[in-house]
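Shown next, in structure tokens, is the structure this report addresses.
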Amino acid sequence: MIGGNESCAAGPIPMSYLTCLTYILGEWTGVEHIEDYLSYAVYLLWVLFPLALVFLLPGVLIILFYTSILLLHIYKRKNELKEAYSNDVWDGARQISATLWDGHGRIWHGYELHGAEKIPEGPGLIVFYHGATPADCLYFIARLLIQWKRYCHVVADHFVFRLPG
């Protein structure tokens, strides 16, 4: 076994760092041919990586939803006194949330908004496919607020309001 002051390169046969770690792990655990077990673990990690991504991506969206809600609650508590004297207290919160969601859409999904200039100046109705995720709607609302300074109100089915958050 390699002593405390010795290194893998100090021996008669120089080894790579990974080979040295395998050797040390084998000596420490007492398992012979530990590299076979490690290659099996790497294989399992490679096979299960897509499955981990399937659960990771929705988890990131849920964390972002709750982060937005937390930021809005903090903003509300911070500005409760201003709310009594000002009508525009939520503009800052809207801009913060819009920037957060726009950045997420742009970085994570490469979201772009085309044709927003065709929306009429007055009220308008935008109808989209019911299979769009809530994140798509949030990306659209955020980009519309940042680029065109326009608000978009959403009409949804009654079951949406029963979802947590």
Original post:
Any chance CG of Leu44 has more than 12 other-residue heavy atoms, nucleotides or ligands included, within less than 6.0 Å?
Top reply: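 Yes, CG of Leu44 has more than 12 neighbouring heavy atoms, counting only those of other groups under 6.0 Å.
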Original post:
Got more than 12 heavy atoms from elsewhere within 6.0 Å of NZ, Lys118?
Top reply: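 Atom NZ in Lys118 is not crowded, with 12 or fewer foreign heavy atoms closer than 6.0 Å.
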Please give me the minimum heavy-atom distance between [X] and [Y], naming the atom from each residue.
X      : Y      : value
Ile141 : Cys152 : CG1-CB, 4.0 Å
Ala142 : Ala98  : CB-O, 3.4 Å
Leu138 : Phe65  : CD1-CE2, 3.1 Å

Following the transitive rule for hydrophobic clusters with a side-chain heavy-atom cut-off under 4.5 Å over Ile, Leu, Val, Met, Phe, Trp and Tyr, establish whether [X] and [Y] coincide in one cluster.
X      : Y      : value
Leu145 : Tyr111 : no
Ile126 : Trp148 : yes
Phe49  : Leu56  : yes
Ile119 : Leu113 : yes

Nearest 0.5 Å please: distance from the [atom1] atom of [X] over to the [atom2] atom of [Y].
X      : Y      : atom1 : atom2 : answer
Glu112 : Arg143 : CD    : CZ    : 7.5 Å
Leu72  : Leu100 : CG    : CG    : 9.5 Å
Ile24  : Thr29  : CD1   : OG1   : 11.5 Å
Leu64  : Trp108 : CG    : CH2   : 10.0 Å
Lys149 : Gln95  : NZ    : CD    : 5.0 Å

Original post:
If you draw the axis of the six-membered ring of Tyr151, does the NZ or CZ of Arg94 fall within 45° of it and under 6.0 Å from the ring centre?
Top reply: yes
**OP:** Assess whether side-chain contact (heavy atoms from CB on, under 4.5 Å) is satisfied between Phe140 and Trp101, documenting all intermediate values.
**Re:** CA-CA 9 Å; Phe140 172 74; Trp101 281 103; over 6 Å; no
Subject >> His104-Tyr139 side chain donor-acceptor pair, cut-off 3.5 Å >> reply: yes
